[in-house]
Amino acid sequence: MARPESPVDHTVPALGMFAEHLRRLRRTAGLSYDELAVRSKCSAAHLKRAASGRTLPARPVMLAYVGGCTGDSRPSFSTELMYWIAASAVEQAKRDFRRSGVWPDLESVGDVAGLSHA
């Protein structure tokens, strides 16, 4: 018996919603990740990662995942839209993280090794 999936990461809500959508497609198709791997010609690990909500899957992985579940080489409009909304949200989260405003106290740094502690 397979172990249960980890909960979807909703740190970036749009990405989490997309991951939930992928999981729903797989469950609706009645496929295990191993079965989906055979159909999609992607590794089960790539497919699990795609549906984790932690990272945005590469477009070819997303297309293979959806195609393996639906048998259609083109995803539905709603799946495409959810993917691009998630991609945009991930990029925005990266920009927000870089602009977090947390800067090291450079005056307390004595050497290059100390920079990581600042």
Side-chain angles (χ1 to χ4, degrees):
M1 181 172 164
R3 65 184 182 140
E5 285 183 284
S6 298
V8 170
D9 185 336
H10 284 276
T11 303
V12 178
L15 180 56
M17 289 175 55
F18 181 68
E20 294 279 1
H21 177 69
L22 291 178
R23 287 183 178 191
R24 223 175 0 265
L25 286 173
R26 185 184 59 79
R27 283 193 303 268
T28 299
L31 299 170
S32 70
Y33 280 108
D34 289 334
E35 293 166 330
L36 181 55
V38 171
R39 286 177 129 190
S40 66
K41 297 179 178 64
C42 281
S43 73
H46 270 99
L47 300 171
K48 288 177 187 178
R49 197 173 311 114
S52 71
R54 288 188 303 274
T55 60
L56 183 71
R59 185 160 168 72
V61 174
M62 180 275 290
L63 293 172
Y65 190 114
V66 173
C69 290
T70 64
D72 194 352
S73 62
R74 293 179 46 125
S76 68
F77 176 77
S78 61
T79 298
E80 280 280 2
L81 183 61
M82 289 178 76
Y83 180 80
W84 291 114
I85 289 171
S88 176
V90 167
E91 287 305 311
Q92 183 63 48
K94 287 178 185 177
R95 284 191 298 275
D96 291 348
F97 179 76
R98 283 188 290 247
R99 281 194 307 243
S100 68
V102 178
W103 292 94
D105 179 12
L106 296 178
E107 291 177 4
S108 66
V109 176
D111 58 9
V112 175
L115 184 59
S116 65
H117 298 307

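Keep in mind that the numbers below use all heavy atoms, side chains included, and drop hydrogens, waters and symmetry copies.
The closest side-chain heavy-atom distance from T55 to L15 is not below 4.5 Å. In this structure the side chain of E35 never reaches within 4.5 angstrom of the side chain of R26, judged on heavy atoms.
In this structure, A19 and V8 approach most closely via the heavy-atom pair CB-CG1, 3.8 Å. Among all heavy-atom pairs drawn from S40 and A64, the shortest one is CB-O, 3.2 Å. Residues C69 and R39 approach most closely at O-NH1, 4.3 Å, considering heavy atoms. Taking all atoms of both residues into account, the shortest heavy-atom contact from A37 to A44 is CB-N, 3.7 Å. Between P75 and S73 the shortest heavy-atom distance is CD-O, 4.1 Å. The two atoms that bring H10 and M17 nearest to each other are CE1-N, 3.9 Å, heavy atoms only.
Counting only distance, with no hydrogens or angles, the side chain of S52 and the backbone of R49 share a donor-acceptor pair below 3.5 Å.
In this structure, R23 places its CZ atom where more than 12 heavy-atom neighbours from other residues, nucleotides or ligands lie under 6.0 Å away. Surrounding CZ of R59 are more than 12 heavy atoms belonging to other residues, nucleotides or ligands, all under 6.0 Å away.
The residues E91 and K94 are annotated as salt-bridged, a charged nitrogen and a carboxylate oxygen being separated by less than 4.0 angstrom.
When each of L25, L36, L47 is checked for a side chain to side chain contact (heavy atoms under 4.5 Å, CB included) with L31, only L36 meets the rule.
We find the NZ-CD distance between K48 and E5 to be 8.0 Å, quoted to the nearest 0.5 Å. Rounded to the nearest 0.5 Å, atoms SG (C42) and CE (M62) are 11.5 Å apart. Rounding to the nearest 0.5 angstrom, the gap separating the CZ atom in F18 from the CD1 atom in I85 is 11.0 Å.
Residues V66 and L81 do not share a hydrophobic cluster, clusters being chains of Ile/Leu/Val/Met/Phe/Trp/Tyr side chains in contact below 4.5 Å. Linking ILVMFWY side-chain heavy atoms closer than 4.5 Å, directly or via other members, places V61 and L22 in two distinct hydrophobic clusters.
Evaluation of the ring-ring contact (aromatic ring centres under 6.0 Å, His included) test over residues 33-78, restricted to residues two or more places apart or in two chains, returns none.
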Item to check | Test log, rule side chain to side chain donor-acceptor pair (under 3.5 Å), inputs S32 and D34 | outcome: CA-CA 5 Å; S32 70; D34 289 334; 5.1 Å; no
